[in-house]
Amino acid sequence: MADKKTPQLDELQNGKWPSFVTEIKKAAVKNEASKELLHLLERSYEEKRGHWKHGGIVGVKGYGGGVIGRYSDLPEEYPHLQAFHTVRINAPSGWFYSTDSLRKICDIWERRGSGLMNLHGATGDAILLGTTTDQLQPIFDELSEEGFDLGGSGSDLRSPSCCVGPARCEHACYDTLEACYNITNTFQDELHRPMWPYKSKIKFSGCANDCTASIARSDCAVIGTWRDSLIIDPEEVKNYAASGMNIQHVCEGCPTEALKYNAETQELSVIADECSRCMHCINRMPKAITPGNDRGATILIGGKSTIVQSAFMGWVIVPFMKMEAESDYEEFKDIITRIWEWWDENGKTRERIGETIYRLGMSKFLTEVGLPAVPQMVYRPRANPYVFWPEDEIKK
Amino acid sequence: MADKKTPQLDELQNGKWPSFVTEIKKAAVKNEASKELLHLLERSYEEKRGHWKHGGIVGVKGYGGGVIGRYSDLPEEYPHLQAFHTVRINAPSGWFYSTDSLRKICDIWERRGSGLMNLHGATGDAILLGTTTDQLQPIFDELSEEGFDLGGSGSDLRSPSCCVGPARCEHACYDTLEACYNITNTFQDELHRPMWPYKSKIKFSGCANDCTASIARSDCAVIGTWRDSLIIDPEEVKNYAASGMNIQHVCEGCPTEALKYNAETQELSVIADECSRCMHCINRMPKAITPGNDRGATILIGGKSTIVQSAFMGWVIVPFMKMEAESDYEEFKDIITRIWEWWDENGKTRERIGETIYRLGMSKFLTEVGLPAVPQMVYRPRANPYVFWPEDEIKK
Amino acid sequence: MAILDQGPLNYKENIPPIIVDNYGKWRYHEIPRAGVLKHVSKTGAELYSIRAGSPRLVSLDFVRDICKLADEYCDGYLRFTTRHNVEFLVSDAAKVEPLIAALGAIGLPVGGTGASISNIVHTQGWVHCHTPATDASGVVKAVMDDLYEYFVDMKLPAQLKMSLACCLNMCGAAHCSDLAIVGVHRTPPRIDHDKIRKGTEIPSLVACCPTGAIRPNPKEKSVTVNEAKCMYCGNCYTMNPGMEIIDSQNDGIAILVGGKVANARTAPMFSRMVIPFIANNPPRWPEVTEAVRNIVETWAANARKGEKMGEWIERIGWEKFFEATGIEFSDKLIDDFIFSRETFRTGAAFKYTK
Amino acid sequence: MAILDQGPLNYKENIPPIIVDNYGKWRYHEIPRAGVLKHVSKTGAELYSIRAGSPRLVSLDFVRDICKLADEYCDGYLRFTTRHNVEFLVSDAAKVEPLIAALGAIGLPVGGTGASISNIVHTQGWVHCHTPATDASGVVKAVMDDLYEYFVDMKLPAQLKMSLACCLNMCGAAHCSDLAIVGVHRTPPRIDHDKIRKGTEIPSLVACCPTGAIRPNPKEKSVTVNEAKCMYCGNCYTMNPGMEIIDSQNDGIAILVGGKVANARTAPMFSRMVIPFIANNPPRWPEVTEAVRNIVETWAANARKGEKMGEWIERIGWEKFFEATGIEFSDKLIDDFIFSRETFRTGAAFKYTK
Ligand code: SRM
Ligand code: SRM
Ligand code: SRM
Ligand code: SRM
Ligand code: SF4
Ligand code: SF4
Ligand code: SF4
Ligand code: SF4
Ligand code: SF4
Ligand code: SF4
Ligand code: SF4
Ligand code: SF4
């Protein structure tokens, strides 16, 4: 393609924030498709509309997902963009990479794709952005050779992801990286071979700060918590007080009034039974307050974005479960498998699990999946009296 | 009917709370139907079920409502209960009666009915409980002669009601009794001749304490409020302080943090702009705090109980309107008439106005009824991006 | 012939002189004792309102009795409250105690003001309605007998407003009460095809079901009910007597708590179900009175001064309400209707319970 | 042939030695300056994480550049955050400043920690997707240029998490963000009957519409759209390319605010729409950047320390948010979808606004 002017995109090379236009231009130097992308994008900026068509079904052997097919609607003018598919690589837990690993991806992508990528996609995959249909299998073969595997796409399990957790965070209540790795490995079939009503996502956050936004962005959120009391170090409380921290103010932020400070004695105490483990006080005073010793996770189900029935946030279905030993993982896998099976049986096409439960009712879901109903599952009980009574509780 | 035993009901004559059984027995002395009622009710207590059938269409000339038809399902055994209709008398504003007025009702009812009544029904009517079909017209004629009129029933305007308001309450922000009387009189046609998709109720409360429960129990709630600042009497604040009241505690209950107390100077102040006029502080310190001078009412729409789409509470559609002069009432009548017309056109059978608005959308309702959208109407804006765009805001 | 559309009696002709004189001029009130409100006017006038409990379902004798008292003590006027109590408006302080004594003599308790339990707003029940799942007046009598001490005294943390509705139509407006007693059916309607064939508009009957459980049955020229979808609301029975919903074996009572309507401090709230079913046990419904007393007393023992039932529960968390009262939680209490989603706990912060 | 189902790289082989040694042993952290986290381990080890902003859509050169820095300063390891920033894990305090300088040299800003604006989670836009109503990277670049000072500094009341999604599919998960920029279509799909006739399962296409706007059109062997019912969600277009939803004249951006996901202090909240539409105005979308800055700075000027956007708004009331920002309220912001009822103000307590 001949060099054309791209005045609008050029403007986006100004300013202090690193520019994606500069990135496309760097790729364009070495790659014809990237060069065409630059011009196609300039055209989109002029016309205020995208120029991509629906993806057809493209993929790699043995998998149903992992690739998003993409075709330009102006193939004559942008021949290198006629097909411009993306490949999703399942990223390592916590998005930790050795530079070796990253360079291996680069080398393959340099030879076989546009040279552009997203680090990372919103679900957490490393996205190789733009290649042709014939390159898909070789790319996968070579990636595979180097130990990489593809991520999810279509109506399958999407690549699970996790927060940095114990690798770098003092708040982690379980090993998010290991849980994510272990569980992802178990569900490789679900991840690579779409077979459900719709997509399903899992995200692992080490504590209620929820740094993966799991409650909003995953059908199944695994959020770290503890079962005993948070732990207060009286010496560090005094240090904070000495440093001028307004500890009373920290207590005022406690949503349950569980945290009490005695300014005279500089003693901080907690009513463990009242604490909801919201993380607020721990966030404010990490040297003095830490999660309890009996740690595990809360499981929430149903999170997703807007399409179709409105955005949903996940809701509690298991208030606490241990997340340490292999047997704990097994228990989790057992629960989530039952849930998927129930959804597979009851869900409509393009209906996320949260929507299916909403449509059919939580109590049906709980009964059929075999989870006990507990008050922690709801903010408050029903306001209507429309209870369904099972036949066996009725007099004949 | 022969005297039978009523051991279950007799038991309900024990205990300190006044007994309805005693009342039925008193009526039974003079009236055969009441006597049968006693026995039919005893039978219900034995069988744990009611013995009334659906009401047929009964009524008085010129009206479609005001009477609830009722028939026993055991007419052979309880011949005086074969027909046992109730007559609803529209009660005076605030349920004030001269004993003369009450006695007039009694005299008519003694001659023409069971002698039992409800003072009052849950909507607010004086209910004459149980008479035969042939008595309905004479009862109405005689009541009418004495200045009484019937209340609503069926798909019409139900008898509006109001709190005691300025008659006996220092909080009243408008004249609930006069508003109720005036507006009820204007809508006599709507009250007596069912013509809507379903029933519609109006209740008038003089302030946000909402002593008529209007937000829950009426399709249109008119709740007194003010537009300027509440008024604080500094002397009375000091008196309260002297009496040992914990004024700081009153301030802590203020939901908007608008109320501030300086314990040193014993000065209480309000940030008028922040006050939501919830009534809390006024309730606690009625001698020292009163509603502002520029008084009026908030109009809410949509309240109702459970059947069918769940219980609804009314929501704000007019944050503030004056409620003093005849012209203010006119404005209210104009608005509620437009609302009824809209509902009449758009509502399905047995759909309350709140359900119709929920089904069709608030913005359609507001536009078509001609009310400006203001943020006071919602707790918070929409969480979904599913906006409908009118054609004239779209480029062609 | 009756005069049509003359409207209700004019309130102006039904208020006593002291109210005529002080209309809109009230300055403040005090509650000198339970059941007595003292309102002081800007004119200096003092009004004592004596609130007496009423069974609401009353005889002519009752009405004439209270009229007699009103003539004697209140210039011939009285009023009723939004909760069906009777209020005697006394302009002379000296008459207060004698009136209370006279009320006692005819068996009427004085109370229901301030931090007390007032009369229970209620409905018809077996006395007059065709759809009740329980009686109204009988349950009210049993509960008020049991909680009498809280009517005649003001020893609760705040006012407690109870309602009773004998079926899901909820004429008692139980949906926003501190404590609501609601009659519930628990079995699908039994169809009487003969009755339905008589002039039923089948499409309307089908359309009236909120869960879509009713389907046309062309063979019978009637309808069928998908029993698994029915949640016994009784709407079809209201529409059509051929959909018999009453089932004496399985009808009974549910308890809801925590609703309110006043805007003071917190916004109005719906009542929420905490006990899905208690069997009818007339004449005194002991399981109901016990459940109600347990909830009331647990609240009374734990709430802060001025904290209504719902405010207390929202502060401690509903999970703790179940722990504190010992009431069993079950999936029946989890919403599965239209607005269910808003009740699900979409957060990882909650309290554990035993 | 590729090995199937081998799963992602093992994280254990991709974490630097300092993390191997201190895995699960971290004791606390401090933020010595914007963009630098200092984590201290029980072992006494100190780790400095340098967080650098990234355009996310990057070239191989970019990746190799950061790898070079990681080799030089971080033992050959790095990571990415949940918001697509790059984190360099430095075990030697002395290397912190030089690394920051080296990042500056390749144009990468350091920041995004604590009470700052971090990178905007975003999506494909015109670069790669078929349904966008706006671009993603371009809007993000324009907004981040404009708010750059808030990335490199920690001068806000609390963290501010922004997201951008280029259509209602909301891949940016904008629905729970402090501030969300969302591409919106505003006209019903234009039907290409030819495309639809090609192998479309008409019943599924009809069923996919959340508002029931799509009806079969047997004459055309296709469908029709009831335009009055369509709210332009684009779900039908995702299902079928024959339902063309893109409309360059009318597509644009909506702004939502006040969402959060952390449980700290307050429960997670949805973002809520405050501006229903701003026309696309590339390359810099000045009306969008201005609207965003206005909201951010109004919050910054008025919120208490530690108070997130949504917490501030909930405290002052949404009506006051509109007053404070000067943003116009309109009926478009009032919900009319399934859960609308829960957003209506069912109370008489509110604040007035000018
Ligand atoms: C690449 C990515 C955006 C990005 O730039 O990062 C993306 C891109 C697309 N998403 Fe997404 N989604 C991406 C993360 C998300 C997220 C965020 C998340 O996972 O945390 C969401 C919101 C969370 C959720 O799952 O609800 C998301 C919600 C959707 C939806 C709506 C789903 C819903 O139930 O509401 C669709 C529509 C669909 O699936 O048909 C969708 C569909 C799409 C499609 C496949 C468009 C389509 O219908 O064919 C997009 C392909 C773009 C392209 O050509 O490259 N994408 N999508 C993200 C995946 C990269 C990765 O694997 O890491
Ligand atoms: C008498 C009364 C109960 C009482 O003992 O006080 C009553 C009695 C009946 N109500 Fe009611 N309702 C009464 C106040 C209420 C209230 C309370 C209120 O008005 O504050 C409500 C709840 C508020 C509301 O309007 O939603 C109420 C909600 C219903 C409903 C459900 C309406 C809904 O949309 O949810 C029905 C069902 C219907 O109309 O078909 C209903 C239907 C009935 C019927 C007519 C039963 C029927 O379907 O035929 C009852 C006749 C009983 C009888 O035979 O005497 N009644 N009804 C109340 C009217 C007396 C009066 O005029 O003063
Ligand atoms: C007489 C009556 C109005 C009427 O026109 O009949 C009335 C009268 C008064 N109410 Fe009320 N309220 C009356 C029903 C209500 C209701 C509705 C109901 O009971 O169904 C409510 C709403 C309750 C709710 O939120 O569910 C109600 C919520 C209030 C409140 C708010 C209490 C709160 O803190 O939430 C106050 C303020 C207070 O008590 O300090 C109040 C205050 C008052 C005052 C003090 C007003 C005044 O200054 O005169 C009156 C005496 C209260 C007392 O009994 O202690 N009134 N009041 C009603 C008496 C019913 C009864 O017989 O018990
Ligand atoms: C690196 C990262 C996790 C990861 O695996 O990548 C992370 C890391 C930390 N988070 Fe986070 N959070 C990260 C995304 C999030 C998210 C999700 C998001 O941004 O989409 C949230 C939820 C935000 C929300 O509620 O909408 C999040 C909510 C928090 C909170 C809760 C803040 C609050 O008061 O509401 C804390 C506690 C705090 O900051 O005191 C926290 C605290 C922390 C700490 C201090 C934890 C620790 O002790 O190491 C880390 C440094 C925070 C900082 O940047 O100041 N992190 N954190 C993510 C950085 C993203 C970025 O590049 O900016
Ligand atoms: S979610 Fe908790 S454990 Fe995970 S990174 Fe955030 S603060 Fe740390
Ligand atoms: S974790 Fe949250 S709820 Fe628990 S004591 Fe700390 S601030 Fe309070
Ligand atoms: S609603 Fe207000 S004005 Fe009316 S009686 Fe109650 S407190 Fe008084
Ligand atoms: S009326 Fe309510 S909001 Fe206003 S100052 Fe008093 S307590 Fe606060
Ligand atoms: S609640 Fe039901 S049973 Fe009771 S009076 Fe109302 S309609 Fe009749
Ligand atoms: S009782 Fe209610 S849910 Fe059951 S069939 Fe009748 S209308 Fe439908
Ligand atoms: S938000 Fe919409 S347009 Fe943007 S990437 Fe996702 S599906 Fe495509
Ligand atoms: S855009 Fe959405 S609402 Fe409109 S027709 Fe398509 S699916 Fe239906």
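Only heavy atoms go into these numbers, but all of them, side chains included; no hydrogens, no water, no symmetry mates. Quick note on labels: first sequence line is chain A, next is B, and so on, each numbered from 1.
Between the Thr176(B) side chain and the Cys162(B) main chain, no donor and acceptor come within less than 3.5 Å of each other.
In this structure, the portion of Met170(D) lying under 4.5 Å from any heavy atom of chain B is its side chain and not its backbone. Phe365(B) does not touch chain D: none of its heavy atoms, backbone or side chain, sits under 4.5 Å away. Interface residue Ser330(D): only backbone heavy atoms are found under 4.5 Å from chain B. Proximity to chain B (any heavy atom under 4.5 Å) is restricted, for Leu256(D), to the side chain, taken from C-beta onward. Neither the backbone nor the side chain of Ala174(D) comes within less than 4.5 Å of any heavy atom of chain B. In this structure, chain D has a heavy atom under 4.5 Å from the side chain of Leu366(B), while its backbone stays farther away. With a 4.5 angstrom heavy-atom cutoff, Thr187(D) touches chain B only via side-chain atoms. For Glu274(B), the parts lying near chain D are the backbone and the side chain together; criterion is any non-hydrogen pair under 4.5 Å. For a residue to count as touching a neighbouring chain, one of its non-hydrogen atoms must lie under 4.5 Å from one of that chain's; by this rule Ile334(D) touches chain B with backbone and side chain alike. With a threshold of 4.5 angstrom between heavy atoms, Lys229(D) approaches chain B through N, CA, C or O but not through any side-chain atom. Heavy atoms of Phe350(D) lying under 4.5 Å from chain B belong to its backbone as well as its side chain. If you measure heavy-atom distances from Glu323(D) to chain B, the contacts under 4.5 Å come from the side chain alone. Residue Ile338(D) touches chain B through both its backbone and its side chain, counting heavy-atom pairs closer than 4.5 Å. Contacts of Tyr352(D) with chain B are made by both backbone and side-chain atoms, with heavy-atom separations under 4.5 Å.
Chain D forms more heavy-atom pairs under 4.5 Å with one residue of Ala373(B), Ala383(B), Pro381(B) than with any other, namely Pro381(B). Ranked by heavy-atom pairs under 4.5 Å with chain D, the list Gly314(B), Ala208(B), Cys275(B) is led by Gly314(B). Taking Pro319(B), Pro372(B), Cys278(B) one by one and counting their heavy-atom pairs under 4.5 Å with chain D, the maximum is reached by Pro319(B). Of the listed residues (Val316(B), Thr225(B), Ile317(B)), the greatest number of heavy-atom pairs within a distance under 4.5 Å of chain D belongs to Val316(B). Taking chain D as the reference chain and counting heavy-atom pairs below 4.5 Å, the highest number among Trp315(B), Tyr379(B), Phe388(B) is found for Tyr379(B). In terms of heavy-atom pairs under 4.5 angstrom with chain B, the leader among Arg304(D), Lys354(D), Arg315(D) is Arg304(D).
Looking at residues two or more places apart in sequence or on another chain, you find a ring pair (Phe, Tyr, Trp, His ring centres under 6.0 Å) between Phe322(D) and Phe329(D). In terms of the ring pair (Phe, Tyr, Trp, His ring centres under 6.0 Å) criterion, residue partners of Phe337(D) (sequence neighbours excluded) are, by chain and number, Tyr386(B).
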Start with the C-alpha distance between Asp336(D) and Arg382(B), add both sets of side-chain angles, then the distance that settles salt bridge (Lys or Arg N to Asp or Glu O under 4.0 Å), and finish with yes or no.
-> CA-CA 8 Å; Asp336(D) 47 20; Arg382(B) 66 191 316 143; 2.8 Å; yes

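The neighbour count for Gln249(D) CD, taken as heavy atoms of other residues, nucleotides or ligands under 6.0 Å away, is above 12. More than 12 heavy-atom neighbours from other residues, nucleotides or ligands sit within 6.0 angstrom of NZ on Lys260(B).
A donor-acceptor pair shorter than 3.5 Å cannot be found between the side chains of Ser177(D) and Ser271(D). Between the side chains of Thr266(D) and Lys260(D), at least one donor N or O lies within less than 3.5 Å of an accepting N or O.
Remark: Arg352(B) qualifies as a cation-pi partner of Tyr198(B) under the 6.0 Å distance and 45° angle criteria applied to the six-membered ring.
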